[in-house]
Amino acid sequence: ASIYLAGMAGRRPRVPVDPDRLEQAALRKMSARAGAYVAGGAGAERTMAANRAAFDRWRLVPRMLRDVSTRDLSVELFGRRLPAPLLVAPIGVLEMAHREADLAAARAAASLGLPLIASSQASRPMEAIAEAGGRNAPRWFQLYWSVRDDLAESFVQRAEKAGYEAIVLTLDTTLLGWRPRDLDLGYLPFLRARGIANYISDPVFRALPAEAATAERPAAGLGALGSVLELLRAWPTAPLQALRSGEALEAVRKFIAVYSRPNLTWDDIPRLRQMTRLPILLKGVLHEGDARRAMDLGVDGLIVSNHGGRQVDGGVAALDALPEVVAAVDGRAPVLFDSGVRTGADVLKALCLGARAVLVGRPYVYGLALDGEAGVRAVLENLLAEMDLTLGLIGCRSVAELGVDTLSPLPNR
Ligand code: FNR
């Protein structure tokens with residue numbers, strides 16, 4: 001209500017409320033390289049466009065004359081009641097948007113009681129992010145499974161110790177997508193170096209022999225290392241600054257050699273189960289067959305996602321994949337959703353199609369770029385406010401009332 005009243009009183013918000021203007025304002029503020037990295041997608045960006053277009057093919061159907069004077073957005077997830085079905089997506093290298101990076105995002109999420117999913121490739125160590133959020137803040141950890149099992153296990157153990165409540169294993173990024181905006185600017189090694197805080201703070205990573213870095217990993221798509229040092233000198237990343245330049249180069253080399261595991265298969269999932277008692281979610285599932293396989297393996301949750309259209313160009317829109325995954329899971333585990341969520345109405349559509357909760361990605365990075373912690377908070381508050389208003393306006397008092405009754409496909413879709 002306060003956001004609405006401020007607007008009626010003619011006061012301008014801290015960050016633009018309209019998602020397109022938010023993006024434009026942030027891109028004006030960010031460097032060309034950082035902006036392109038956040039805003040860009042794979043190939044001709046057709047999947048990214050499809051993610052948005054998919055929302056336009058569904059219409060909310062308002063129902064009238066129901067008492068909507070009190071509304072409740074809360075949902076339960078893994079034994080915890082959340083104030084709203086909204087999570088802050090794992091995003092690596094946030095330092096490119098703001099020097100407080102993940103710490104600012106963690107504080108903003110915690111102030112609203114929303115879970116932050118900290119990225120493996122965060123710009124700050126997971127322990128520092130946990131501390132920034134505070135003791136009772138809900139937080140999950142996103143894992144990129146290293147080619148070294150001992151490193152993956154070390155990450156999971158650190159996450160448990162730091163109070164993370166779930167492990168999100170991202171499946172869709174075993175190889176980095178083909179991203180023309182980034183390739184044309186030639187700065188991937190530089191950017192990636194801003195996301196290695198969890199690695200250089202890890203005892204297993206530090207103990208890896210230097211030879212680990214010499215392994216050829218052309219598939220990782222990280223390009224020339226020479227430029228890393230040059231760029232680090234121009235714009236040093238905080239955790240790397242603590243290292244001497246020779247060490248920094250070796251750390252970046254080792255990271256490139258070990259951060260991903262392109263040969264990961266379904267057979268590896270039980271090993272993750274053995275590493276942790278925390279709930280395990282798989283992020284990046286888009287096919288009903290994969291959803292069933294995950295259920296057979298006892299996975300605790302799925303996140304339907306195409307990484308915001310950053311991996312496969314011409315891939316299926318995430319929202320279009322949601323109903324079949326929900327049907328395949330058949331209530332056995334919560335199905336979460338991301339990719340293309342920009343408005344409160346978008347969130348409600350995904351919930352109508354069976355998502356238990358949604359993650360928001362790029363918009364909060366834009367808030368971060370514009371105004372740090374306050375900017376992230378403003379973006380999240382705007383989403384929550386629109387969700388709450390729209391829920392009431394379509395005649396629902398709680399998210400449990402959302403479903404096929406409140407959504408209709410466009411004719412001739
Ligand atoms: C991401 N995403 C991502 N996912 C993940 O599991 N680990 C990561 O480190 C990152 N890093 C990352 C960086 C940037 C700049 C972006 C834009 C995205 C994907 C992210 O979690 C989420 O799936 C998408 O951002 C959702 O799409 P929207 O909301 O950006 O359209």
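Numbers here are sequence positions counted from 1. Here the structure is a predicted model, which is why all the values come from computation and not from measurement. Ligands are counted one by one from 1 in listed order, and the atoms in each one are counted from 1 as well.
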Q. Does Lys254 make a cation-pi contact with Phe205 (under 6.0 Å, within 45 degrees of the axis)?
A.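 Here Lys254 passes the 6.0 Å and 45° test against Phe205.
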**Q.** Tyr164 six-ring face occupied by Arg158 cation (under 6.0 Å, within 45°)
**A.**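 Verdict for Tyr164: no cation-pi partner in Arg158.
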Q) Between Asp149 and Met275, which heavy-atom pair has the shortest distance, and what is it? A)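 Looks like O-CE, 4.2 Å.
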Q. Out of Asp320, Leu282, Val335, Val326, which one pairs with Val304 under the side chain to side chain contact (heavy atoms under 4.5 Å, CB included) rule?
A.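 Going through Asp320, Leu282, Val335, Val326 one by one, the side chain to side chain contact (heavy atoms under 4.5 Å, CB included) with Val304 is satisfied by Val335 alone.
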**Q.** Criterion side chain to side chain contact (heavy atoms under 4.5 Å, CB included) against Ile280, the qualifying member of Ile269, Leu272, Val156
**A.**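 By the side chain to side chain contact (heavy atoms under 4.5 Å, CB included) criterion, Ile280 pairs with just one of Ile269, Leu272, Val156: Leu272.
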Q: Sequence neighbours left out, what pairs pass salt bridge (charged side-chain N to carboxylate O under 4.0 Å, His left out) with at least one residue falling in residues 356-368?
A: none
Q: Might you list the protein residues in contact with ligand 1, defined as having a heavy atom under 4.0 Å from one of its atoms, sorted by chain and number?
A: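 For ligand 1, the contacting residues are Tyr37, Val38, Ala89, Pro90, Ile91, Gly92, Ser119, Gln142, Tyr144, Thr170, Lys283, Ser305, His307, Gly308, Arg310, Asp338, Ser339, Gly340, Arg342, Gly361, Arg362.
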